[in-house]
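The structure appears below as structure tokens.
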There are 2 protein chains.
Amino acid sequence: MSERVVPPAARRRRRPTKQGVVLSEELIVETALRLIEEHGADALSVRRLGRALGADPSSLYRYFRHTDDLMLAIADELIGRTMRTWRPTGDWVADLRDLGLRMHAGALAHPRAAVLSSYRVTGRAYEIQAVETILGVLRGAGFPDAEAVRVYHAFVDQALAFGALDGASAAMPRPAQEAEDDVWRATYARLPADTHPHIAATARHLVADMRRTSYPAALDLLLSAARARLVAD
Amino acid sequence: MSERVVPPAARRRRRPTKQGVVLSEELIVETALRLIEEHGADALSVRRLGRALGADPSSLYRYFRHTDDLMLAIADELIGRTMRTWRPTGDWVADLRDLGLRMHAGALAHPRAAVLSSYRVTGRAYEIQAVETILGVLRGAGFPDAEAVRVYHAFVDQALAFGALDGASAAMPRPAQEAEDDVWRATYARLPADTHPHIAATARHLVADMRRTSYPAALDLLLSAARARLVAD
DNA sequence: ACCTTATGACAACACCGTTGACCTGTTAAG
DNA sequence: CTTAACAGGTCAACGGTGTTGTCATAAGGT
């Protein structure tokens, strides 16, 4: 085995698969994303990906050292897609709000990649570009360097963390999701006011609120606190 | 097979395992937690848990319908442990800050359970108690019902989401963690100022800040925004 | 035309969650 | 006290997973 993975630049001798496909890092990443989009995050395994590509699973290890590596490549592609369609307006709060919602939506569609990219640094091209852009927005808004980094970090992690969780929730089978709803309606909403006064008093809101993601609310809180801190200087 | 899992109340005919252990839901949950604490989250599998208990893996399916079920039981036990040692002081911001940090720490120590409990409702005893308590703190602080629920939701989800992610990060093997650090030092900190001015300007802070969790910062932002909104009424 | 080697294929390994069939000790009823 | 029901433990198997050591071969450089 020794060194399985060849740096992309040195790739030359492309040879078609038994089924006639010419592999490449891009093709693998794209196929992986298509697989996730069409059949859910759980449908992504090395073996299934190989099957979808028309290649032996072990061939993929010529391009990625292990699954994590592949996930990071997917994550970077997702970052790229998110940033590609984003246009800043100059209003930093509105811009970051929009970007946060986009990141969240992207992560939500690809929870497994999101979960990885949230605690891993890809160090790849699109990630670097995103870091530079967001830091630019914050420094442009007037945040001093240390504070800009702190807000950047909290902002990004919040978007990715909520994205990963809401994605996992959305990936649950339909009946399971309805069962969750039922817990709020059947268990929580029926607790007597004398033993659980606060739940009883807010039951109506709980049932309505807990079925949605709380990310937009959390994002607004974070951004408004950051703005308040900026003004306070 | 038909109905494998008997409700805990009806459990009577306990019979020791071949290796002499008498199983129970509590013993299984405790052993699972011990396993995670001692050998990391990846060490928890039905088969390993069976081995650690001195029982056939399939025995566990008499107590839990599937792994998710077990995870939810673990999650509820974690909620219980977190709440058990928490004492409110009456200062709602400080109390929620303390609670948030505790939840985060608990989730961080048990990432797999955290990831599950963050998007699932257990509906079990400890969870209900926690919901009641937190809602009580917020309503006691003066939040109107709808707002209390909104803040509750954002607060809890954020604690769990960050806990899950930071837990996953902490669960990485040591060398991999150092490799992450290196990406910031070697890749980001070396980007030239003319192509990436904002990264170059903040490189020092990035290296220092990105290796820590951003949860405390995010928590403080959330709480201060909530307080501002409360005062604004 | 030859040699190197990148790259695909194959078979195997060790693990995983889950289930159906079986067996046995405990318990409750007669 | 006997007996019948069945909870609950065990066993073997299924189909899945990521990963790797070995081998064959076609592409490219010389």
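Within every chain, numbering begins at 1; the chains are lettered A, B, ... in the order of the sequence lines, protein sequences first and strands thereafter. From a predicted model like this one, the values you see are computed outputs, not experimental measurements.
- Here dG18(D) presents its C1' atom at 16 Å from CZ of R65(A), a figure rounded to the nearest Å.
- Here S59(B) lies in heavy-atom contact (under 4.0 Å) with a base.
- If you check the side chains of R102(A) and T85(A), you find a donor sitting under 3.5 Å from an acceptor.
- Looking only at atom types and distance, the side chain of Q177(B) has no donor-acceptor partner in the side chain of Y119(A) under 3.5 Å away.
- Residues from residues 15-36 of chain A that place a heavy atom under 4.0 Å from any atom of DNA chain C, listed by number: R15(A), T17(A), K18(A), L23(A).
- When rounded to the nearest whole Å, the span between OH of Y61(A) and P of dT22(D) equals 18 Å.
- Annotation for R34(B): atom CZ counts as buried by contact number, over 12 foreign heavy atoms lying within 6.0 Å.
- Rounded to whole Å, atom P of dT19(D) lies 12 Å from atom CG of D42(B).
- No donor-acceptor contact under 3.5 Å links the side chain of R47(A) to the base of dG16(D).
- Taking atom CG on L49(A) and atom C1' on dT17(D), their separation rounds to 14 Å, with Å as the unit.
- Nucleotide dA6(C) holds its P atom 18 Å from the CZ atom of F64(A), rounded to whole Å.
- Nearest heavy-atom pair, A159(B) versus G100(B), reported as atom, atom and distance to 0.1 Å: CB-O, 4.3 Å.
- A donor-acceptor pair shorter than 3.5 Å cannot be found between the side chains of Y126(B) and R81(B).
- Defined by atom type and a distance below 3.5 Å, a donor-acceptor pair is missing between the side-chain atoms of Q158(A) and H104(A).
- Among the protein residues, T67(B) comes within range of the sugar-phosphate backbone only, with heavy atoms under 4.0 Å from sugar or phosphate atoms but none that close to a base.
- Spacing between atom CG of D56(A) and atom P of dA11(C) amounts to 10 Å, rounded to whole angstrom units.
- The side chain of V46(B) sits closest to dG17(C) out of dG17(C), dG8(C), dG9(D).
- Residue R62(B) contributes atom CZ, which lies 15 Å from atom P of dT18(C) at whole-angstrom precision.
- Residue R212(B) places its CZ atom among 12 or fewer non-hydrogen atoms of other residues, nucleotides or ligands, all under 6.0 Å distant.
- Scanning atom types as modelled, one donor and one acceptor separated by under 3.5 angstrom connect the side chain of S58(B) and the base of dC11(D).
- One interatomic measurement links the two molecules: OH of Y63(A) to P of dG18(D), which rounds to 19 Å at whole-angstrom precision.
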